[in-house]
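Heavy-atom basis, side chains included; hydrogens, waters and symmetry copies ignored. Just so it is clear, the model here is predicted, and its values are computed rather than measured. Per chain, numbering begins at 1; letters A, B, ... match sequence-line order.
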2 protein chains.
Amino acid sequence: MDPKARHAVTVLRQILRATEAYDRIVTRDTGLTSSQLLMVQILDDVGEASAGMLATRMGISQATITSLLHKLESKGLIARKRGDTDRRQVWLSLTDAGRTTLAQAPEGLQTKFGTRFSSLPDWEQSMLIAGLERVASLLDAENIDASAVLTIGELGGEQPG
Amino acid sequence: MDPKARHAVTVLRQILRATEAYDRIVTRDTGLTSSQLLMVQILDDVGEASAGMLATRMGISQATITSLLHKLESKGLIARKRGDTDRRQVWLSLTDAGRTTLAQAPEGLQTKFGTRFSSLPDWEQSMLIAGLERVASLLDAENIDASAVLTIGELGGEQPG
DNA sequence: ATATTTCGTTTGCTAAACTAATTATCTTTT
DNA sequence: AAAAGATAATTAGTTTAGCAAACGAAATAT
């Protein structure tokens with residue numbers, strides 16, 4: 001692999017790591033981990049959602065949703081309600097406490113990074129965004145998902161699925 | 001928050017999520033998690049490194065290095081050797097099996113992001129890396145506290161601590 | 001010689017995420 | 001209507017990353 005490509009990957013990982021470290025701070029401040037925060041934010045967005053919908057939207061499994069839900073429920077931030085038409089479903093929504101917490105913990109990652117970002121000169125903001133979008137397109141999860149497995153399957157003996 | 005800042009955050013999220021999804025695929029296909037793979041790659045790069053150097057380079061704690069090391073050692077990919085001049089140090093290097101695995105495994109990263117990235121014109125590669133590093137520094141700034149913030153520029157009213 | 005620092009390891013914890021199996025409920029098919 | 005199948009959420013159990021704190025061993029400073 002090109003040295004530059006490798007370097008790019010390294011920096012990407014640094015960003016990941018920085019974000020994680022960042023998350024820890026947010027967690028300390030808000031009492032919510034980033035996944036939990038995201039869940040709360042989405043619920044604030046959509047008002048109400050079933051567990052499965054959240055799973056899809058967050059890109060994680062239902063089991064993980066359940067476990068996040070436990071935590072948020074025990075903190076009193078989310079309420080659950082059995083579905084009317086379909087009693088298997090569990091509808092989730094923010095409690096008042098949830099909304100309050102969200103209002104106080106405004107946007108976690110967004111605030112600080114956003115503030116710093118906003119203070120950059122306009123041309124640099126544009127440039128960074130363009131770069132990030134480029135990287136995102138290079139990473140593009142869907143594309144990878146479909147084709148990568150097939151490509152790689154030829155490597156060794158084992159076949160996923 | 002600025003629309004641009006918000007947008008930047010959104011794209012950043014996309015990148016994070018894409019990367020995570022990506023990691024899962026790489027892990028499935030190579031048998032190495034992304035952290036493990038990175039460790040192997042670095043060792044391939046530098047030939048030999050002490051545990052502490054790896055920790056610094058990877059941006060994780062020594063304790064975590066040790067635990068990754070255990071896994072890679074048990075897979076026979078990495079060998080350890082006590083330092084000659086300083087016997088506290090542990091020098092790590094790839095075994096033949098490690099090199100072999102890496103030679104087969106990198107398809108995961110190469111075929112997609114790496115290949116795509118490598119195919120970009122050189123100036124764009126440099127630009128993207130610079131942008132990523134900038135973003136990393138923005139994310140990191142909060143962590144590293146006031147001193148780093150100054151390096152980045154006059155940012156705004158807020159003072160950590 | 002003694003104290004301090006440094007390097008790596010161990011221990012013990014948190015949190016996310018997965019899979020597989022289970023329960024409860026809906027939907028089809030017979 | 002009863003049996004079979006599909007779907008929603010949960011539970012159980014596992015893996016992995018990561019950290020901090022305590023610790024032993026070795027190097028360095030006093």
Side-chain angles (χ1 to χ4, degrees), chain A residues 13-14 16-28 30-40 48-75 78-92 141 145 160-161, chain B residues 16-17 19-39 48-75 78-92 143:
Chain A
R13 276 196 63 82
Q14 274 172 22
L16 271 181
R17 308 226 49 63
T19 307
E20 280 164 18
Y22 203 84
D23 284 348
R24 253 167 259 134
I25 292 168
V26 173
T27 299
R28 208 162 300 176
T30 67
L32 297 178
T33 66
S34 59
S35 292
Q36 291 170 15
L37 189 56
L38 179 60
M39 192 162 164
V40 168
E48 222 183 16
S50 71
M53 289 162 68
L54 270 185
T56 303
R57 178 132 178 192
M58 290 177 67
I60 59 183
S61 71
Q62 281 186 335
T64 304
I65 287 288
T66 300
S67 108
L68 287 176
L69 174 56
H70 276 318
K71 283 162 193 156
L72 291 170
E73 211 178 4
S74 74
K75 291 178 186 191
I78 286 186
R80 56 168 70 184
K81 188 186 82 182
R82 216 78 213 191
D84 278 339
T85 59
D86 187 335
R87 298 194 78 78
R88 293 169 305 178
Q89 287 185 322
V90 166
W91 288 85
L92 309 174
D145 212 83
Chain B
L16 294 183
R17 226 183 305 164
T19 306
E20 280 163 20
Y22 197 86
D23 283 349
R24 253 170 259 140
I25 292 165
V26 172
T27 299
R28 210 178 333 219
D29 294 340
T30 67
L32 296 178
T33 67
S34 58
S35 293
Q36 291 170 15
L37 187 55
L38 179 60
M39 193 162 163
E48 225 183 13
S50 71
M53 290 162 67
L54 271 185
T56 303
R57 180 133 177 191
M58 291 178 67
I60 59 182
S61 70
Q62 281 187 335
T64 304
I65 287 288
T66 299
S67 108
L68 287 176
L69 175 56
H70 276 318
K71 280 159 196 155
L72 291 170
E73 212 178 2
S74 75
K75 290 180 186 190
I78 285 185
R80 57 168 67 184
K81 188 186 83 182
R82 217 78 212 191
D84 277 340
T85 60
D86 187 335
R87 299 195 83 78
R88 292 169 307 179
Q89 288 183 323
V90 168
W91 288 86
L92 310 173
N143 229 351

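- Each of B:Leu38, B:Ile60, B:Leu92, B:Leu69 was checked for a side chain to side chain contact (heavy atoms under 4.5 Å, CB included) with B:Leu54, and the lone residue meeting it is B:Leu92.
- Contact annotation for A:Ile65: no contact, since no heavy-atom pair falls under 4.0 Å across all strands.
- Of the candidates D:dT16, C:dA16, D:dA25, D:dA25 carries the atom nearest the B:Arg88 side chain, counting heavy atoms from C-beta on.
- An OP1 or OP2 oxygen of C:dA17 is reached within less than 4.0 angstrom by no side-chain nitrogen or oxygen of A:Ser67.
- For A:Met39 and D:dA9, the CE to P distance is 11 Å, given to the nearest whole Å.
- Here A:Ser35 reaches the OP1 or OP2 of C:dA17: one of its side-chain N or O atoms lies under 4.0 Å away.
- For the pair A:His70 NE2 and C:dA15 P, the computed distance is 14 Å after rounding to whole Å.
- Residues that satisfy the side chain to side chain donor-acceptor pair (under 3.5 Å) test with A:Thr64, not counting sequence neighbours, are A:Ser61.
- For C:dC18, one of the phosphate oxygens OP1 or OP2 lies less than 4.0 angstrom from a side-chain nitrogen or oxygen of A:Thr64.
- Within the nucleic acid shown, A:Thr85 comes within 4.0 Å of sugar-phosphate atoms alone, with no base atom in reach, counting heavy atoms only.
- Note: A:Arg57 CZ to A:Ser50 OG = 12.0 Å, rounded to the nearest 0.5 Å.
- As a whole-Å value, the separation of A:Met58 CE from C:dA16 P is 9 Å.
- Among the protein residues, B:Arg82 comes within range of no part of the nucleic acid, since none of its heavy atoms lies under 4.0 Å from any strand.
- What separates CG of A:Leu32 from C1' of C:dA16 is a distance of 15 Å, to the nearest Å.
- Judged by distance alone, with hydrogens and angles left aside, the side-chain atoms of A:Thr66 form a donor-acceptor pair with the main-chain N or O of A:Gln62 at under 3.5 Å.
- What separates CG of B:Leu38 from C1' of D:dG18 is a distance of 15 Å, to the nearest Å.
- With rounding to whole Å, B:Gln89 atom CD is found 13 Å from D:dA25 atom C1'.
- Distance from the side chain of A:Ala63 is smallest for C:dA20 among the nucleotides C:dA20, C:dT10, D:dA8.
- Nearest heavy atoms, A:Arg88 versus A:Arg82: O-NH2, 3.3 Å.
- Applying the 3.5 Å distance criterion, the base of C:dT25 shares no donor-acceptor pair with the side chain of A:Arg87.
- Of all nucleotides listed (D:dT10, C:dA15, C:dG8), D:dT10 comes nearest to the side chain of A:Gln62.
- Checked against A:Ile78 for a side chain to side chain contact (heavy atoms under 4.5 Å, CB included), the options A:Lys71, A:His70, A:Met39 give a single hit: A:Met39.
- Heavy atoms of B:Thr33 sit under 4.0 angstrom from primed sugar atoms or phosphate atoms, though from no base atom.
- Atom CG of B:Leu92 is separated from atom P of C:dG8 by 8 Å (rounded to the nearest Å).
- Remark: C1' of C:dC7 and CD1 of B:Ile60 are 15 Å apart, rounded to the nearest angstrom.
- Between B:Ser61 and D:dC19 there is a side-chain N or O to OP1 or OP2 distance below 4.0 Å.
- Nearest to the side-chain atoms of B:Lys71 among the listed nucleotides C:dT9, D:dT16, C:dA16 stands D:dT16.
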